[in-house]
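Written out below as structure tokens is the structure these notes cover.
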Amino acid sequence: MAKLRTTQHIYEFTSKPGYHDKLARAVQAALPTGMTLIAGNYARSTASSYWLLRKRISNNRTFWVTLRVATHHGWLRNAGQSEVLWQDLGNFEHLTHLVSSQLTSREIAVNQFELTAGDIAALKLLKELERHQLIWFIQMKPDIFEAHKGLPFDLQTDFIQAPLMIGDRNNANHLLEKVIVPKFQSRLAVYFGENLLFSQFTKHHLLKLLPTNQWIEPMLAKESALNNWQNEVAKAYGNQFVDFCLTQMAAQR
């Protein structure tokens with residue numbers, strides 16, 4: 001198939017009826033034994049897609065892997081995901097071959113992750129905040145922000161050094177308050193790299209970090225029950241941080 005050269009051409013192709021179903025079947029067919037396709041997420045303006053894969057081992061432990069399929073390398077560095085470059089968007093058989101070749105035992109071992117009780121609690125916090133119309137923002141350096149994914153963004157350095165704020169999901173001018181909890185910010189960087197958060201650019205060089213609910217919800221459904229997320233979050237990040245989050249949620253009622 002001829003190479004698609006513009007965003008419009010790519011959108012017209014990837015928005016065809018049945019395209020996403022064919023894509024999912026091609027990825028599913030490539031998965032090694034013991035690995036299951038749980039959910040997909042698609043970029044609106046590019047051919048990039050992201051896939052949540054689950055691996056179970058004999059003692060019932062659950063590991064997760066994020067797979068990125070795209071025509072170009074991602075802008076995030078140290079993202080903790082497996083990546084397949086696929087130029088021939090119409091050749092699904094070739095995609096199956098590429099994914100199968102990529103998902104070696106070593107590749108999976110490098111990129112797999114397991115949710116701890118602290119992770120489950122943090123994800124529940126993200127969902128609870130969102131229920132109150134609150135999300136996290138980072139303020140990016142002007143050159144990186146204005147390049148709009150044209151420059152690499154390192155999650156282990158650039159993300160950690162960026163100011164972290166909490167604010168209104170629908171209004172970037174409302175309730176923006178700076179939060180300095182480095183350990184929590186480092187964890188947000190990990191979730192962003194694993195596609196448990198997705199981003200939207202907004203004013204004032206701010207990047208919205210929105211929970212990827214179509215991933216988080218099935219993940220939480222397959223993990224052990226956790227009755228009190230507040231206690232686990234407090235263990236990891238302190239009582240003051242929990243109190244701050246609860247105060248922000250109360251102010252939104």
| query | Is any NZ, NE, NH1 or NH2 atom of the basic residue among D119 and R187 found under 4.0 Å from an Asp or Glu carboxylate oxygen of the other? | reply | yes

| query | Do K124 and E232 meet the salt-bridge criterion of a basic N to acidic O distance under 4.0 Å? | reply | no

| query | So W75 and F153, would you call those rings parallel, tilted or perpendicular, with 30° and 60° as cut-offs? | reply | parallel

| message | Check the orientation of H97 and H94. Use parallel for under 30°, tilted for 30 to 60°, and perpendicular for over 60°. | response |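 The rings of H97 and H94 lie parallel, inter-plane angle below 30°.
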
Can you tell me if [X] uses its side chain to pair, donor with acceptor, with the backbone of [Y] under 3.5 Å?
X    : Y    : result
T66  : L52  : no
E83  : G74  : yes
W136 : I138 : no
Q102 : V84  : no
T36  : I38  : no
Q139 : H204 : yes

| request: Assess K55 against F63: is NZ or CZ under 6.0 Å from the centre of the six-membered ring, and within 45 degrees of the ring's axis? | output: yes

| Heavy-atom distance under 4.5 Å between the side chains of V179 and M165, does that happen here? | no

| Taking C-beta and beyond as the side chain, do L76 and F159 meet within less than 4.5 Å on heavy atoms? |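 A side-chain contact under 4.5 Å is absent here.
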
Ignoring hydrogens, what is the shortest heavy-atom contact between [X] and [Y]? Give both atom names and the distance.
X    : Y    : result
I166 : F244 : CG2-CZ, 3.8 Å
D154 : Q156 : OD1-N, 2.7 Å
Q87  : T71  : NE2-O, 2.7 Å

| message | For H20, is the NE2 atom crowded, meaning more than 12 foreign heavy atoms sit under 6.0 Å from it? | response | yes

| Does V190 share a hydrophobic cluster with L67, counting links as ILVMFWY side-chain heavy atoms below 4.5 Å and allowing steps through other members? | no

